[in-house]
Each structure stands twice: as C-alpha cells, then as structure tokens.
Amino acid sequence: MAKTDVVNDIKQLSNLEEEQKIIDKAPFCHLKITNAQILDTIEGRQICKRCYRSRKFFCYSCYLPVINEKYIPKIKLPIKIDIIKHAREIDGKSTAIHAAIIAPDDVRIFTYPNFPEILDKEETILIFPSKTATSVDSLFVKQVEENNRTITNRIGDAFPIKRAIFIDSTWHQTKAIYKDQRLRDLHCIVLKSRISQFWRHQKKSPRWYLATIEAIHQFLVELHTCAFDQRYKGQYDDLLYFFKYMYEKIHTIYDHDQLWAYKRPLI
C-alpha cells in the first residue's frame, strides 16, 4: 500500500471517529421512540404469572410483561420475525426479548436446538452475513429471461418475503448455529453498516456488530424504505423503547467514553 493511501485511510478513520463522537452524544434524537420515563414510577419487582419468578418490567424467561401493558408501546410488524437464541446466551442480557414484548403478535423466540418450522423457504430469509448474502434491496429485484436477454424488474409496494430469522448470540455462537442444515438453504441477507449503541462489550468485535434488537430495527427500516420507496417515518422505532431506556440508565452510572463497548473499532 502506498504511503498516500495509508495517510488517506488514517484521515478517513479520524473523520469517522469525530462524526461518531457527535452522534454518540444523542444517538436516539432522530428516532420516534415513546418516552419511557413512566417506567421510573414503577417501584420494586413483580411476579411473572407464568413462571412465578421476580422480574422488573418483563419476564425474560417467558417473554411476558409483568407490569401493566399500558406502560409498554405495541407495534404491528409488516412480516413475522423468528429469533433463534443460543442456549448459552444469558436471557437477562438478551435484547431479543424486547422485540417479543413490544411486537408480541409478530415475534417468536426459540432456544437452539429448537427451531421455527420453515414451511416456505422462498418467502423466508436469514439475516446473516454469509459469503453469498445480498442486500435487503435485492429482495425487491426480480430477473427474468426474455428474448435471450436478462431483464431486471423492480417489485414495488409489496413485501416479497413473509418471515425473517435472526440469530441471537455471540458471533462465535452464531456461526455454529448457521451451520445447521435447516438454515443453510435459506437466502441470507446482510444489513447496511450501522454503529451499535449496545453497552455490553464483546471481545474482538467492532462497533458495527449490532445488538439483536438494533439489527431487527435496522432490517425493518431498510425493508420499509425499499418496499415503499419513500422516507422512513419512524414506524418501528418503538422497538428500541426498552433499549433506549436501559441505555440511558447505564449512562447515568458510567461515562460513555469509559465503557469498553464504545472503545471498539468502528471499522
């Protein structure tokens, strides 16, 4: 690599770091997330009606609220979401539960080796950056052969898929689940790069490794934008309701710049 290229890369990284510092000061300011301050008025813990364990706002074992549901925003998703959670992923630390609580009619969680039944592989995708993965935008492109020519047509105002599968685990565990033959035949989708605001540190992972709830939100934003060819207006931002609330709680205790999660490389 030429010296000029190295200098340019350093400058680019420096600019990226400065831009990210500005974003990190108010990472949710452009999102339409319901104010969660009301959660501060809920004292103590509640008993889950299913497993009878003591929980704060929701049961992360049963995926049920333990507080009055009026405190929790509800969202209807355009497609179904299945989440496969690694057995060693600690329930209380997983953000996947947020999706099941906020969009209960459209989100299911399975603990590996349990699996969702995949009835139609043509209408089901896996969010995973495999070597053959394509972008969300590619879902809306259909190629047909006509007169010995390949014609590319764009699908508009419709969702070409009915279900998306996410893997909830560390990166190493994710690769192990991906090798399961039940997933290998699915079309893989890779998301656009987005810097994570998750406060939990994973060793040897850059900041664009998203928490599961961040990945689900990012996917739905991209899917909506491609389907309707219009500016996204915050329809799914409330998926980050608990994530934002917990982020702000963490940041009242710890300084952002001192947390290892935010010291990870950006690229």
Side-chain angles (χ1 to χ4, degrees), residues 20-21 23-48 51 53-75 77 81 83 85-86 88-104 107 109 166-171 191 194-203 205-221 234 236-264:
Q20 191 58 46
K21 285 181 180 179
I23 295 172
D24 285 345
K25 291 180 180 179
F28 307 103
C29 66
H30 297 299
L31 301 180
K32 295 181 179 180
I33 303 174
T34 299
N35 191 314
Q37 287 184 346
I38 195 170
L39 296 180
D40 291 332
T41 67
I42 300 174
E43 298 181 357
R45 299 166 69 85
Q46 309 295 323
I47 300 299
C48 174
C51 68
R53 295 188 177 98
S54 174
R55 302 294 191 224
K56 185 59 177 175
F57 301 125
F58 51 81
C59 180
Y60 46 76
S61 302
C62 302
Y63 318 133
L64 294 173
V66 297
I67 59 176
N68 193 311
E69 294 194 27
K70 69 179 182 180
Y71 295 118
I72 304 173
K74 289 292 189 292
I75 294 180
L77 304 184
I81 300 288
I83 302 168
K85 186 175 70 66
H86 195 279
R88 293 183 181 178
E89 186 71 7
I90 300 173
D91 290 342
K93 294 183 178 181
S94 172
T95 64
I97 286 83
H98 301 180
I101 298 296
I102 294 170
V107 177
I109 300 178
F166 290 77
I167 300 174
D168 181 43
S169 66
T170 64
W171 177 240
L191 304 177
R194 166 173 166 175
I195 299 300
S196 175
Q197 292 295 338
F198 198 29
W199 50 91
R200 298 193 185 280
H201 177 56
Q202 282 192 36
K203 292 182 179 179
S205 66
R207 272 192 70 183
W208 49 267
Y209 277 22
L210 301 177
T212 301
I213 194 65
E214 291 179 297
I216 294 172
H217 176 260
Q218 175 66 26
F219 168 69
L220 290 171
V221 171
Y236 314 115
D237 289 354
D238 265 341
L239 284 171
L240 299 173
Y241 177 74
F242 286 114
F243 186 86
K244 177 177 179 287
Y245 177 78
M246 294 176 181
Y247 171 94
E248 291 172 346
K249 287 299 178 185
I250 291 291
H251 282 71
T252 62
I253 303 172
Y254 302 100
D255 180 81
H256 185 282
D257 294 334
Q258 298 305 313
L259 290 170
W260 282 106
Y262 305 115
K263 294 181 180 181
R264 294 179 295 167

Is any side-chain heavy atom of [X] less than 4.5 Å from a side-chain heavy atom of [Y]?
| X | Y | answer |
| --- | --- | --- |
| I109 | Y60 | no |
| F242 | L39 | yes |
| D24 | D257 | no |
| S169 | K85 | no |
| S196 | R264 | yes |
| I195 | Q20 | yes |
| T34 | I72 | no |
| R194 | L210 | yes |

Rounded distance (nearest 0.5 Å) linking atom [atom1] of [X] with atom [atom2] of [Y]:
| X | Y | atom1 | atom2 | result |
| --- | --- | --- | --- | --- |
| Q197 | F243 | CD | CZ | 7.0 Å |
| C59 | L64 | SG | CG | 6.5 Å |
| L239 | E214 | CG | CD | 12.0 Å |
| F198 | L259 | CZ | CG | 12.0 Å |
| L191 | F219 | CG | CZ | 7.5 Å |
| I167 | I83 | CD1 | CD1 | 11.5 Å |

**Item:** Residue pair F58, Y63: steps toward the side-chain contact (heavy atoms from CB on, under 4.5 Å) verdict
**Value:** CA-CA 7 Å; F58 51 81; Y63 318 133; over 6 Å; no
Crowding at [atom1], [X] (>12 non-hydrogen neighbours, <6.0 Å):
| X | atom1 | answer |
| --- | --- | --- |
| F28 | CZ | yes |
| E69 | CD | no |
| K32 | NZ | no |
| K25 | NZ | no |

**Message:** Salt bridge or not between K244 and D238? Use side-chain N to carboxylate O under 4.0 Å.
**Reply:**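 Salt bridge absent between K244 and D238.
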**Item:** D40/K249 salt bridge by N-O under 4.0 Å criterion
**Value:**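 Salt bridge present between K249 and D40.
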**Request:** If the plane angle is over 60° it's perpendicular, under 30° parallel, otherwise tilted; pick one for H256 and Y262.
**Result:** parallel
**Request:** Check the pair F57, Y245 against side-chain contact (heavy atoms from CB on, under 4.5 Å), reporting the backbone distance first and the verdict last.
**Result:** CA-CA 12 Å; F57 301 125; Y245 177 78; 3.6 Å; yes
**Prompt:** For the side chain of R55 and the backbone of C48, is there at least one donor-acceptor N/O pair under 3.5 Å apart?
**Reply:**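 Not confirmed, R55 side chain does not pair with C48 backbone.
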**Asked** Have D237 and H217 got a donor and an acceptor in their side chains that come within less than 3.5 Å?
**Response** yes
